[in-house]
2 protein chains.
Amino acid sequence: MSAVRLLVLGAIVRRGIAHGYRVFQDITSWKAETWTNVKRGSIYHALEKLESGEMIVAEDSGDLTKLGPSRTEYKVTEKGRAEFISLLESALKSNDFQLLSAGIAFMEILPRQRVLELLEERLASLKDVEHFLHTLPTEQIPSEPSKHPELIGVWIGYFEYMIEATQKLMQSIESGNYLFLGEKKEEGEI
Amino acid sequence: MSAVRLLVLGAIVRRGIAHGYRVFQDITSWKAETWTNVKRGSIYHALEKLESGEMIVAEDSGDLTKLGPSRTEYKVTEKGRAEFISLLESALKSNDFQLLSAGIAFMEILPRQRVLELLEERLASLKDVEHFLHTLPTEQIPSEPSKHPELIGVWIGYFEYMIEATQKLMQSIESGNYLFLGEKKEEGEI
DNA sequence: TATTCACTATTCAAATTTGACTAGTTGAGT
DNA sequence: ACTCAACTAGTCAAATTTGAATAGTGAATA
């Protein structure tokens, strides 16, 4: 599963209400050319699919006074919000980096403890893959691509980095950074 | 561009001749569940596209004696080989990790010096992105996803790792590992 | 020997992604 | 006033990806 639905739902959730081009603008402004590469077309398609699945509804009212080309504004339904939470949770568990990125972007929508649980799951899965990669045989003059030391090496390094990054993220969350669901600014003790 | 065409062409190049399922088997055996995630359907589609573009040709002869369901065997044409080289070169330049992986898998098909040039280009591009990421503002309580310190941080770390991995790879190639195009086993000096 | 399971091999429809196109609005310069 | 470029907003066809369906063969087993 790609990150498009998660990003689109998240963009509308943040705004409360939004039309396609606004969602596109928001997402591309977040992306920084790197962690997202969502095209306009995919966004409009996702909006159609989400609408037909009753995750979002088109709002006719809104600023009819506004200028510019006509547009359709959408709001997220209850069902859509549930879907958003579900996508967000699997993004944080997934070991796909694009999904993790989107997950981090929206993680404060979940309770702190829940995020830590999900990242713990992710960590376990990353470690499994890393371990598996270490079991693969390599050959100095590789007889087939899967045995290329550089290929295996670069992937082991990647998973090592992902493990480290996940642990650092968890520590940062554990140490009280950011405001998660149900938390208030300026807390003293508790 | 995805890695499918590169992988399919590469798989046929390695075999000299191959049918779709063989290509699928080879690719999935290389992948180790991690660096490729190519589905059967995509391979057959790629074969059709490559055939219609005259990158490969179907061979009717071959082992007619072989058992099992009927199949179509393909060979790579001159044009296809040129395309393969071109895809391989852009894969090694690209800062997409999937493409780099496929590029590494086949890199010995190019001359050593050429691979180093391509990786040098990749390195420059990675450094540009890393520098760009450092210019992005962050906020401790992020007002929008793009300003999330964890998000930016995790991506900076990722590019740092990619830069490091590319440099290590280049050093390994420079130090004489592997046999590239035009090189022979068991060389003494020169 | 009939059944079931696993493997080989391909095809196809449906979902998704991409990139190009249309079209209205605003603002800057001439 | 006129033109041109840039931005806003959306649509659409074509390309690609996905996952399920089909179908043949061999091997095991009850």
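Keep in mind that what you see is a predicted model, and the values were worked out from it rather than measured. Chain identifiers are assigned alphabetically (A, B, ...) following the order of the sequence lines, protein sequences preceding nucleic acid strands; residue numbering begins at 1 within each chain.
As a whole-Å value, the separation of B:F24 CZ from D:dT18 P is 13 Å. Here C:dA15 presents its P atom at 16 Å from NZ of B:K39, a figure rounded to the nearest Å. Between the C1' atom of D:dG10 and the CD atom of A:E73 lies a distance of 14 Å, rounded to the nearest Å. Atom NE2 in A:H45 sits about 6 Å away from atom P in C:dT17, given to the nearest Å. Note: CZ (A:R40) to P (D:dG10) measures 12 Å, nearest angstrom. One interatomic measurement links the two molecules: CG of A:L47 to P of D:dA9, which rounds to 14 Å at whole-angstrom precision. Per the geometry, CZ belonging to B:R5 stands 10 Å off C1' belonging to D:dT16, to the nearest Å. Computed from coordinates, the B:R71 CZ to D:dA23 C1' distance equals 15 Å when rounded to whole Å.
The distance from the CD atom of B:E83 to the CD1 atom of B:I56 is 11.5 Å, given to the nearest 0.5 Å.
Among the candidates B:L47, B:V57, B:L50, the single residue satisfying the side chain to side chain contact (heavy atoms under 4.5 Å, CB included) test with B:Y74 is B:L47. For the salt bridge (charged side-chain N to carboxylate O under 4.0 Å, His left out) criterion with A:R114, the lone passing option out of A:E108, A:E120, A:E89 is A:E89. A:F106 pairs with exactly one of A:W30, A:F180, A:Y178 by the ring pair (Phe, Tyr, Trp, His ring centres under 6.0 Å) rule, that one being A:W30.
Between B:T72 and the phosphate of C:dA9, there is no side-chain N or O to OP1/OP2 separation shorter than 4.0 Å. Between D:dG10 and A:Y44, a contact under 4.0 Å exists linking OP1 or OP2 to a side-chain N or O. Contact between the side-chain N/O atoms of A:Y21 and the OP1/OP2 oxygens of D:dT8 is found at a separation under 4.0 Å. For D:dT17, one of the phosphate oxygens OP1 or OP2 lies less than 4.0 angstrom from a side-chain nitrogen or oxygen of B:S2.
Under the rule for a salt bridge (Lys or Arg N to Asp or Glu O under 4.0 Å), A:K93 has no partner lying at least two apart in sequence or in another chain.
Across all strands shown, A:G41 has heavy atoms under 4.0 Å from base atoms, whether or not it also approaches the sugar-phosphate.
In this structure, of C:dT18, C:dT10, D:dT17, it is C:dT10 that holds the atom nearest to the side chain of B:H19. Among the nucleotides D:dT16, D:dG10, C:dT18, the one closest to any side-chain atom of B:K49 is D:dT16.
In terms of position on DNA chain C, the residue among B:E48 and B:Q25 whose nearest nucleotide sits closer to the 5' end is B:Q25.
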